[in-house]
Protein chains: 2
Amino acid sequence: MSEERLREAIDTLKESGVRITPQRHAVLEYLLNAMVHPTADEIYKALEGKFPNMSVATVYNNLRVLKEIGLVRELTYGDSSSRFDCNTSDHYHIICDACGKIVDFHYPSLDEVESLAEQVTGFEVSHHRLEVYGKCDECQTQKH
Amino acid sequence: MSEERLREAIDTLKESGVRITPQRHAVLEYLLNAMVHPTADEIYKALEGKFPNMSVATVYNNLRVLKEIGLVRELTYGDSSSRFDCNTSDHYHIICDACGKIVDFHYPSLDEVESLAEQVTGFEVSHHRLEVYGKCDECQTQKH
DNA sequence: TATTAGATTATAATCTTTATAATTAGTGTA
DNA sequence: TACACTAATTATAAAGATTATAATCTAATA
């Protein structure tokens, strides 16, 4: 089924007229299989073995392209670097204040907030983001 | 009333045992009166006139201290630098995709999302953030 | 007013991300 | 399959934001 998602994503790339290079394929595949939400550098390091000559710029370029097409989302939290996430299903994130772990959780999309914001501000709303913060199970246990 | 908020904030600083230096006072005052959500650099530039010798590091240090005390929030959006906001009332932000303008809008706090996330993930929830994105009035008008 | 710990300054270093120019390589077509 | 065209990659440098360091200064307290 991960295979299926990869094939779909590649079809989307083709439809957009974007070339499918080995590096681009690898970045996409890595993101699709990632259980976490890696930074650009983490992706770079993970693919270094397979592509010893790959440039960091290539990772950034591909992430930008994948973002423009809508296959990938960029998440910015308080820390120094952005994280990237395959844009698959409707879910939000909960983030541990202590260790930084990011866990998905599903919740119906907050359409009501969007429409209210639209009315009040006069904006033409496109989307929203929501993150919940707290302390994860592990970090609660190892309190002292 | 802005005076009132400033006095309250300074009391909070004193209670926390944090020294009230002229620079710190100025950063806090600037943030309290700011209608927008400035970056560290914008704060630095705004106070340059009053404190010609002030270092950028001082702005960052003070923002960190104010954040730790809970007087200030750090907002990270897609763009390169963080924005800072006095932590006053319950409100969310809507951000223009085109020009980057940030406008406040009020909405009851999404407590339900927090409690659901808590149940599903086992996290001990502390807070959440929500931003809505779209195109502001001006940017809608100057479409072409 | 003197003391002292904390704050500021000046500077450099670090880290993330973007820009540039030259080279390489996908992809559609003959 | 080979060619041509253009986008993608590489290598490198540059930019920009933030943090670290050490010396100097100063707010708060007795």
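Note that the structure is a prediction, hence the values are computed from the model and not measured. Chain letters run A, B, ... following the sequence lines, proteins first and then strands; every chain starts at 1.
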### Query
CD of A/E68 versus C1' of D/dA8: gap in Å, rounded?
14 Å
#### Entry: Distance below 4.0 Å between B/R24 side-chain N/O and C/dT8 OP1 or OP2
yes
Contact list (N/O, under 3.5 angstrom) for nucleotides 21-28 of chain D vs protein:
residue, atom, partner, partner atom, Å
D/dA28, OP1, B/I20, N, 3.1

### Task
Compare all side-chain heavy atoms of B/V27 with those of B/T58 and state whether any distance is below 4.5 angstrom.
no
### Query
In degrees rounded to 10°, what angle is found between the helical axes fit to the five outermost pairs at each end of the helix from C/dT1-D/dA30 to C/dA30-D/dT1?
40°
### Message
Has A/E114 got a side-chain atom pairing as donor or acceptor with B/V132's backbone, closer than 3.5 angstrom?
### Response
no
### Query
Taking B/E42 for the side chain and B/R83 for the main chain, is one N or O donor matched with an acceptor at less than 3.5 Å?
no
### Query
In whole Å, what is the span from the CZ atom of A/R64 to the P atom of D/dA8?
9 Å
### Message
Measure OH/B/Y44 against P/D/dT19 and give the value in whole Å, please.
### Response
17 Å
#### Entry: For A/E29, all residues meeting salt bridge (charged side-chain N to carboxylate O under 4.0 Å, His left out), sequence neighbours excluded
none
### Message
If I take atom CD in residue B/E74 and atom P in nucleotide D/dT19, what distance separates them, rounded to the nearest angstrom?
### Response
8 Å
### Separation of atom CZ in B/F84 from atom P in D/dA17, rounded to whole Å
12 Å
### Task
To the nearest Å, give me how far apart CG (A/N53) and P (C/dA22) are.
20 Å
### Over all atoms of both residues, closest heavy-atom pair of A/Y133 and B/H128
CD1-CA, 4.2 Å
### Query
Nearest-Å distance, NE2 (A/H25) to P (C/dG26)?
13 Å
### Message
With a 4.0 Å limit, can you tell me whether A/Y60 has a side-chain N or O closer than that to the phosphate oxygens OP1/OP2 of C/dT17?
### Response
yes
### Query
Using a cut-off of less than 4.0 Å, is there contact between a side-chain N or O of B/T58 and OP1 or OP2 of C/dT9?
yes
### Message
Under 4.0 Å from OP1 or OP2 of C/dT16: is there any side-chain N or O of B/S80 that close?
### Response
no
### Message
With a 3.5 Å distance limit and no angle check, can you tell me whether B/S16 reaches the backbone of B/V18 through a side-chain donor-acceptor pair?
### Response
no
### Task
Output yes when at least one side-chain N/O atom of B/S82 is less than 4.0 Å from OP1 or OP2 of D/dT18, else no.
yes
### Query
Relative to each other, are the rings of A/F105 and A/Y92 parallel, tilted or perpendicular (30° and 60° limits)?
tilted
### Query
Just checking B/N62: base, sugar-phosphate only, or nothing, at a heavy-atom cut-off of under 4.0 Å?
sugar-phosphate
### Message
To check you understand the geometry: which heavy-atom pair defines the closest contact between B/Y30 and B/P38, and what is its length?
### Response
CE2-CG, 3.8 Å
### Query
Is it the case that A/N62 and A/H25 place a side-chain donor and acceptor less than 3.5 Å from each other?
no
### Query
Roughly how many Å is it from CZ in B/F51 to C1' in C/dA10, rounded to a whole number?
18 Å
